[in-house]
Amino acid sequence: MITTNSKPVLSVLVDNSISTKYFKAAKKVDSIIKEIEKNQKINQKFDVQFFSFGKEVSVLDSLSFTQPKTDINKAITSINTLTKESKNATILISDGNQTSGNDYEYTQSKSAIYPIVIGDTTQYQDIQISQLNVNKYSYIQNKFPVEALLYYEGKETVNSVFSIRKNGKKVFSKKLQFSPLKPTQTITTSLKSDKKGNQYYTAAITKIKSEKNTKNNYKNFAVEVIDEQTKVLILSSFLHPDLGAIKKAIESNKQRKATIALINDRSVNFSEYQFFVLYQPNRSFKQFFKKIQSNYLLISGTKTDWNFLNSEKLGVTKNAINQTEVYSAIYNADFLTFLQKDIHFSEFNPLKDVFGEIQITAKHQTLLYQKYAGVATQQPLLITIENDENKMAVLFGEGIWKWRAASFLSTQSFENFDAFLGNLTQYLASNKKRKRLTVKSKSLYPANAPINISAFYVDKNYQFDNRASLELTVTNTKTKEKKVLPFSLVHNSYQVSVEGLLSGDYSYKVSVNSQTINSFGKFKITDYQIEEQFTNANYKKLNSLALKTKGELFYANKVKNLLDKLSSDESYYTVQKSTTKKQNLIDWQWMLFLAIILLAIEWFIRKYYGKI
């Protein structure tokens, strides 16, 4: 029988974030740790284990107070996982201000938690931008929403001004009044995207009387403005209801502008448009096909000149005869060019076109097949064609305005039909080729926050390539100082973390070694420290945590009282465990070996005397 003694565990969690240094409590924390280490009664009674935490939790080695975020909830749950099998206690040395993770006030803990409050507990008047909600992207010449949540803490009625600036110029301003009865306000406005690229803004609220901390009075944010407004020209030699329906469907997306023009209108400047809809082309379109190499949607019908189109060698021909027919649609679920759901195409009115067999020589995908006279066929009704240089789509039939009307009658909305034509337009209007290297990063980072950049690299067959060697070069645009770091392969992506950069503007380059493949980008590091937004320690929330876990709150000058309480608390005691080790009285393995030896000796003796 073996007897072992198991002490209760006393976990000491130490806040290693920037806020500790900001509250000038670093020396006090060091003295608290030394006091716990030197207390003989505590060390005799408990198995004392020290941990530091910021955003992550680690065994305490040294304290730097440089962690950019504080996650108290994660620290507590991590310790609970480590010490879940014994009666334990936890000392939490912190200012109680959390900037990351779930709210620790509602953390479940089987161990009693004894917080030691560090930092200033004096209540000061303070006004701050507690949260800022902004979309990451906007389109040029559009407006994007900005929502600011403002919070006031104080006993008086105060006046302030909330403003937003861009490059030092004020773009929004509003006067506000706060009071103890009205401590919060939400401000919503819309700003115009007037320039392409990353646009940086600063939201601020003016300082109030006797305010100690003004670092939480402003926040920086960035919006990437994308210039992707597509201009579409709808060309025809005659007017038709289809033209208006196509224009309305395309313009349901505010990033697209559609214009209807007749092919003989010489005032039209084709170079202004990125995408074309060719409605029932005839020989008057000949000059268009000679000049324009852009992507387009071709719609045929009863007035289409197929003899002319066949001569243009578009990759699709039709042996048309002087007879018209109607064709219903059959949805092809195997269509792969882009994602398009079935919007009940088969229930729409049939389209009208000249009769004839369609032949396609180019590489294509079929979204809709023809249903003729109630019989499903393999003849296409809508196809997409793509080669190395251009993309096109062909709809074999006029009367699409009836589809839009039928869609509205079915759903009381044009949304489904407009989305269908929008998907087709987006596919055809995009000239972007798939990149082999794509990089993901933010455009704005707070000071001292880790800058994580990930990259995805594929081979010539567009399969993920885990053999590549990627490198990141970060350059400070002002000082021209460079930092070069290699990427690490993590699962199905390449990742790198950059630390130690000062506030300012940076450009970066991601390159693939032994390849001429690069990706470029920019980001900005602000001087805003999220850990410096608080004016005092949150002793109220720490006290709530202590009461909930059956612990008790102590201040930094009462550490001895806490240690005396723990050392005299009889609910924490050493557990003696007895372990019985069972062993057979007879070791059968040795007995078996001995029996084999004796039998062997007997056999040789009998053999020697000739008795066998």
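Along the sequence shown, the residues carry numbers beginning at 1.
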Student: Can you tell me how far NZ of Lys231 sits from CD of Glu272, rounded to the nearest 0.5 angstrom?
Tutor: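 Answer rounded to 0.5 Å: 5.5 Å.
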
Student: Does Lys248 count as lying over the ring of Phe414, i.e. NZ or CZ under 6.0 Å from the six-ring centre, within 45 degrees of the axis?
Tutor: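 Because its charged atom misses either the 6.0 Å distance or the 45° angle limit, Lys248 does not stack over Phe414.
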
Student: Indicate yes or no for a side-chain donor-acceptor contact from Lys247 to the backbone of Ala258 under 3.5 Å, with no hydrogens or angles considered.
Tutor: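 Pair found, side chain donor or acceptor close to backbone of Ala258.
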
Student: Mark yes or no for whether Asn423, through its side chain, and Gln340, through its backbone, hold a donor-acceptor pair below 3.5 Å.
Tutor: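 Not confirmed, Asn423 side chain does not pair with Gln340 backbone.
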
Student: Please determine if Lys541 and Asp103 form a salt bridge, counting it only when a charged side-chain N lies under 4.0 Å from a carboxylate O.
Tutor: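 Salt bridge between Lys541 and Asp103, a charged N being under 4.0 Å from a carboxylate O: yes.
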
Student: Working to the nearest 0.5 Å, report the span between CD1 of Ile72 and OG of Ser94.
Tutor: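 Those atoms lie 3.5 Å apart.
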
Student: Given side chains that start at C-beta, do those of Val146 and Phe172 come closer than 4.5 Å, heavy atoms only?
Tutor: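 Answer no - side chains too far apart.
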
Student: Go through the steps to decide whether Phe417 and Phe408 satisfy the test ring-ring contact (aromatic ring centres under 6.0 Å, His included), and finish with yes or no.
Tutor: CA-CA 8 Å; Phe417 177 84; Phe408 180 84; over 10 Å; no

Student: Are Arg165 and Tyr201 in a cation-pi contact, defined as NZ or CZ under 6.0 Å from the six-membered ring centre and within 45° of the axis?
Tutor: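 Output no; distance or angle outside limits.
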
Student: State yes or no: are the ring centers of Phe464 and Phe456 separated by less than 6.0 Å?
Tutor: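 Yes; Phe456 has its ring centre under 6.0 Å from that of Phe464.
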
Student: Considering only NZ, NE, NH1 and NH2 on the basic side and carboxylate oxygens on the acidic side, decide whether Lys74 and Glu56 come within less than 4.0 Å.
Tutor: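 Salt bridge present between Lys74 and Glu56.
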
Student: Salt bridge or not for Asp194 and Lys166, using N-O below 4.0 Å?
Tutor: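 Result for this pair is yes, salt bridge flagged.
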
Student: Do other residues, nucleotides or ligands put more than 12 heavy atoms under 6.0 Å from the CD atom of Glu481?
Tutor: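 At most 12 heavy atoms, drawn from other residues, nucleotides or ligands, come within 6.0 Å of this atom.
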
Student: Go through the steps to decide whether Gln495 and Ser454 satisfy the test side chain to side chain contact (heavy atoms under 4.5 Å, CB included), and finish with yes or no.
Tutor: CA-CA 4 Å; Gln495 298 182 16; Ser454 61; 4.0 Å; yes

Student: Honestly, is Lys391 close enough over Tyr427, meaning NZ or CZ under 6.0 Å from the six-membered ring centre and within 45° of the axis?
Tutor: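 Ring-cation test returns yes.
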
Student: Would you sort out whether Thr549 and Ile76 count as a side chain to side chain contact (heavy atoms under 4.5 Å, CB included), showing the intermediate values?
Tutor: CA-CA 11 Å; Thr549 60; Ile76 295 171; over 6 Å; no

Student: Which atom names give the shortest non-hydrogen contact between Gly101 and Asp71, and what distance separates them?
Tutor: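 Answer, listing the atom of Gly101 first, then Asp71: CA-OD2, 3.6 Å.
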
Student: Give a yes or no on whether the ring-centroid distance for Phe420 and Phe345 is below 6.0 angstrom.
Tutor: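 They qualify: ring centres under 6.0 Å apart.
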
Student: If we count only N and O atoms by modelled type, under 3.5 Å, do the side chains of Thr477 and Asp505 hold a donor and an acceptor together?
Tutor: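 There is no such pair (donor and acceptor under 3.5 Å, judged by atom type) between the side chains of Thr477 and Asp505.
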
Student: Locate the shortest heavy-atom distance separating Ala393 from Leu424; write the atom from each residue and the value.
Tutor: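 So the minimum-distance heavy-atom pair works out to CB-CD1, 3.9 Å.
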
Student: Do you know the tightest heavy-atom contact between Ser111 and Thr90?
Tutor: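 Taking Ser111 first and Thr90 second, the nearest heavy atoms are CB-OG1, 4.1 Å.
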
Student: For the pair Ile343 and Lys341, evaluate side chain to side chain contact (heavy atoms under 4.5 Å, CB included) and give the outcome as yes or no after the intermediate values.
Tutor: CA-CA 6 Å; Ile343 58 173; Lys341 66 179 182 179; 4.2 Å; yes

Student: Give a yes or no on whether the ring-centroid distance for Phe523 and Tyr445 is below 6.0 angstrom.
Tutor: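 Yes; Tyr445 has its ring centre under 6.0 Å from that of Phe523.
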
Student: If you apply the rule side chain to side chain contact (heavy atoms under 4.5 Å, CB included), what do you find for Phe276 with Phe270, and how did you get there?
Tutor: CA-CA 9 Å; Phe276 299 87; Phe270 291 149; 4.1 Å; yes

